[in-house]
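A, B, ... follow the sequence lines: proteins, then strands. Residue 1 opens every chain. The model shown is predicted, which means the values in this text are computed figures rather than measured ones. Excluded from the calculations below are hydrogen atoms, water molecules and symmetry mates; all remaining heavy atoms, backbone and side chain alike, are included.
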Amino acid sequence: MLDIDLIRQDPRHVEENLERRRHPPYVALLKQALEVDTEWRRLHGEADRLRAQRNRLSQALARAHKSGTPPPEEVSREARELPAQIEALELREKETARVRDDLLRRLPNLLDPSVPFGTDDTGNVEVSRWGEPVEPGFPLRSHGDLAEAMGWAEFGQARDVSGAGFYYLLGDLALLDLALQRFAVDRLVQKGFVPVVPPYMLRREPYEGVTDLADFEKVMYRVEGEDLYLIATSEHPLAALYRGKILEETSLPIRLAGISQNFRREIGGHGVDQKGIFRVHQFSKVEQFVFCAPEDSPKVHEELRANAEEFFRALEIPYRVVNVCTGDLGVVAAKKYDIEAWFPRQKAYREVVSCSNCTDYQARRLGIRMGKAGKPGKRVPHTLNSTEVATSRAMAVILEGGQAPDGTVRIPRVLIPYMGGRERLEPRNEIGR
RNA sequence: GCUGAGGUAGCCUAGCCUGGUAGGGCGCCGGUCUUGAAAACCGGUGGCGUCAGCCACGGGAGUUCGAAUCUCCCCCUCAGCGCCA
């Protein structure tokens, strides 16, 4: 949610920013919100005056009551008539506020100046590139086919018992999933992040603070008969960790490393990845999340990006970083980098990390403030989030890029200690796992 | 799931029976004093506002001129019991 004070003080600035999305309805929404707000302020003032009058009358009646003298007739008459007027006015005031807030909530975050314009992901701008894609000397198998052939995954039975988009991981691939998570967490802890295993379900109300309403229809699983939703990413419960709280200025930045399963209903198109773990309903992810002072967020954004880049360099996976354009950015982030890893079989860069600066948009909706408790002058902190690793995606790259003609897969050097010292993923039947 | 107790400002708590518009403590901020600090004392402490004021006692509805207080509905938390990895 945008700052209503900013909109009142400098509507032109907000309008110019919204125009950069080249989506005229946003500007119309803004103007409407501003009009409704003006009306609300008028109603609010009027209702305030009537309430003040009511308080004065009530006190006069209380005094009369105490002294035992009956109050003047016109006082008690006005006291009887006022509540109906107040009620009518308050009803309009409340309704107007509701309309204004609805309009406000539909406005996206303000864009960072560096965000390029574009209508979809083809408008994203490459900002850096690391590693040399190598040509394999033999035809590569898709990660799904390979995993199934080597006994590391079972898709058919998962489809039968849970539906398309689910999978069993078995043997070395199950271990690789855990190894990636533990490696990612260890690195972040070393950098001062607090590891967090959050709730995997949230109630609707706190959930509305962290995501836009469309997600409830499209993305999230709802628990039957309960006011609970399965989290789509640990970003959500991590953001909600301080909902309604005041963060001590000196404790910032707060760096959290979320460890969770993630559940997503809509998983988009299929094609070459129909079989596999690239797009699935459930996956493990280690997430970076930071609360910081507004002036620090650009620096922290680069820090999160650097952390994610280092992770993929440690895995020796070539990648590029793109500055995500307006059409691909979504409403919550002010700026977003995607890291796209090189998939050698597909000969394409594909998204493995998403790194966002949400500025104050998320924190304001969650009612998170910063400052000293009891001291005036609270500010709204900024929130940022970035994937460290989504294991499903990382495993897909490792399987594609690390495979040998015999089907075994080279384990990235840094993960060997996490895999019992072994250097290759071995077929399940051959080693009895 | 059952029974009971609760939800008051950043935190703790009084007020509820008997309706008159939220008091105290801690913390924090500022001031006085001091070489400096502590102590002491004074003032402040959330949200909205067109800066008159208004709102805020878990949420909503009702009764009333007036509700933290009375009535009803709902939510949440804790304790004990039950169930349980």
Side-chain angles (χ1 to χ4, degrees), chain A residues 1-9 11 33-105 197 199-209 222-229 237 240-252 254 261 291 360 363-381:
Chain A
M1 191 155 66
L2 296 182
D3 184 0
I4 184 73
D5 280 334
L6 178 67
I7 294 176
R8 284 171 186 160
Q9 283 162 21
L34 208 51
E35 275 171 33
V36 175
D37 180 57
T38 306
E39 172 67 2
W40 173 82
R41 292 214 276 178
R42 193 182 67 75
L43 290 169
H44 180 70
E46 228 175 289
D48 251 21
R49 274 190 293 280
L50 286 188
R51 280 187 291 250
Q53 174 66 3
R54 179 186 61 188
N55 288 346
R56 277 192 295 274
L57 292 174
S58 287
Q59 273 161 27
L61 286 170
R63 275 196 304 274
H65 187 72
K66 261 197 189 124
S67 65
T69 52
E73 170 56 23
E74 69 264 24
V75 170
S76 32
R77 186 171 48 80
E78 196 184 351
R80 277 195 305 275
E81 287 168 358
L82 211 49
Q85 294 176 44
I86 292 176
E87 194 182 358
L89 210 52
E90 279 181 340
L91 211 68
R92 285 172 61 198
E93 182 193 355
K94 215 168 147 184
E95 174 62 13
T96 309
R98 196 189 60 74
V99 170
R100 179 198 60 193
D101 292 344
D102 278 357
L103 292 167
L104 227 45
R105 251 188 285 276
V197 176
Y200 289 5
M201 301 177 210
L202 292 180
R203 291 187 188 134
R204 177 150 189 146
E205 201 222 303
Y207 221 129
E208 283 176 351
R222 179 179 187 170
V223 178
E224 174 85 38
E226 302 273 345
D227 176 28
L228 285 172
Y229 295 80
L241 177 59
Y242 294 107
R243 185 179 73 121
K245 295 275 188 287
I246 298 174
L247 306 178
E248 276 290 329
E249 200 141 359
T250 51
S251 71
L252 299 174
I254 296 173
Q261 292 293 308
F291 297 91
D360 60 3
R364 180 169 298 105
R365 281 216 295 210
L366 285 164
I368 300 173
R369 291 166 300 159
M370 57 178 282
K372 273 245 175 285
K375 184 190 167 189
K378 307 278 182 305
R379 293 190 293 159
V380 178

Item to check | 4.5 Å side-chain heavy-atom contact, Pro381(A) and Ile368(A) | outcome: yes
Checklist entry - On a whole-Å scale, what distance lies between the C1' atoms belonging to U8(B) and C12(B)? => result 11 Å
Checklist entry - In B/S/- notation, 5' to 3', how is nucleotides 48-69 of chain B contacted by protein heavy atoms closer than 4.0 Å? => result BSB--BSS-----S---BS---
Checklist outcome for this item: Looking only at heavy atoms, the pair that brings Leu104(A) and Ala33(A) closest together is CD1-CB, 4.2 Å
Item to check | Strand partner of A68(B), provided both Watson-Crick or wobble distances fall under 3.5 Å | outcome: none
Checklist entry - Should the pair Asp227(A)-Arg203(A) be classified as a salt bridge under the 4.0 Å nitrogen-to-oxygen rule? => result no
Checklist entry - When you compare C72(B) with A5(B), how far apart are their P atoms, in angstrom units rounded to a whole number? => result 15 Å
Item to check | Distance between C1' atoms of C48(B) and G4(B) (Å, rounded) | outcome: 39 Å
Next on the checklist: With a 3.5 Å limit on both atom pairs, tell me what C48(B) is paired to, counting Watson-Crick and G-U wobble, or say none.
Outcome noted: G53(B)
Checklist outcome for this item: Given the 90°-from-0 boundary between syn and anti, A61(B) should be labelled anti
Checklist entry - Is there a Watson-Crick or G-U wobble partner for G43(B) with both distances under 3.5 Å, and if so, which one is it? => result C29(B)
Item to check | Protein-nucleotide distance (Arg379(A), atom CZ; G46(B), atom C1'), rounded to Å | outcome: 18 Å
Within the sub-3.5 Å range, which N or O atoms of nucleotides 70-77 of chain B have a protein N or O partner, and how far apart are they?
| from | atom 1 | to | atom 2 | distance (Å) |
| --- | --- | --- | --- | --- |
| C76(B) | O3' | Arg203(A) | NH2 | 2.9 |
| U77(B) | OP1 | Arg203(A) | NH2 | 3.3 |

Item to check | Inter-residue atom distance Thr250(A).OG1 - Met370(A).CE, 0.5 Å rounding | outcome: 9.5 Å
Item to check | C1' atoms of G7(B) and G15(B), separation to the nearest Å | outcome: 15 Å
Checklist entry - Under a 4.0 Å N-O cut-off, is there an ion pair linking Arg379(A) with Glu249(A)? => result yes
Item to check | Identity of whatever pairs with A22(B) - Watson-Crick or G-U, under 3.5 angstrom | outcome: none
Item to check | Protein-nucleotide distance (Asp101(A), atom CG; G47(B), atom C1'), rounded to Å | outcome: 13 Å
Checklist outcome for this item: Across every strand shown, the nucleotide meeting Watson-Crick or G-U wobble geometry with A37(B) (both distances under 3.5 Å) is none
Checklist entry - Do Arg51(A) and Glu90(A) meet the salt-bridge criterion of a basic N to acidic O distance under 4.0 Å? => result yes
Item to check | salt_bridge(Arg41(A), Glu46(A)) N-O dist < 4.0 Å | outcome: no
Checklist entry - Do the charged groups of Asp101(A) and Arg98(A) touch, with an N to O distance under 4.0 Å? => result no
Checklist entry - Between C26(B) and G58(B), how far is it from one P atom to the other, in whole Å? => result 24 Å
Checklist entry - Paired with G4(B) by Watson-Crick or G-U wobble geometry, both distances under 3.5 Å: which nucleotide is it? => result C78(B)
Checklist entry - Rounding to the closest angstrom, what is the interatomic distance between U3(B) and C54(B) at atom C1'? => result 43 Å
Checklist entry - P atom, U45(B) versus A22(B): distance in rounded Å? => result 14 Å
Checklist entry - Under 4.5 Å between any side-chain heavy atoms of Phe291(A) and Leu247(A), yes or no? => result yes
Checklist entry - Can you check whether Met201(A) reaches Tyr229(A) side chain to side chain, under 4.5 Å on heavy atoms? => result no
Checklist entry - For atom C1', what is the distance between U71(B) and U63(B), given to the nearest Å? => result 7 Å
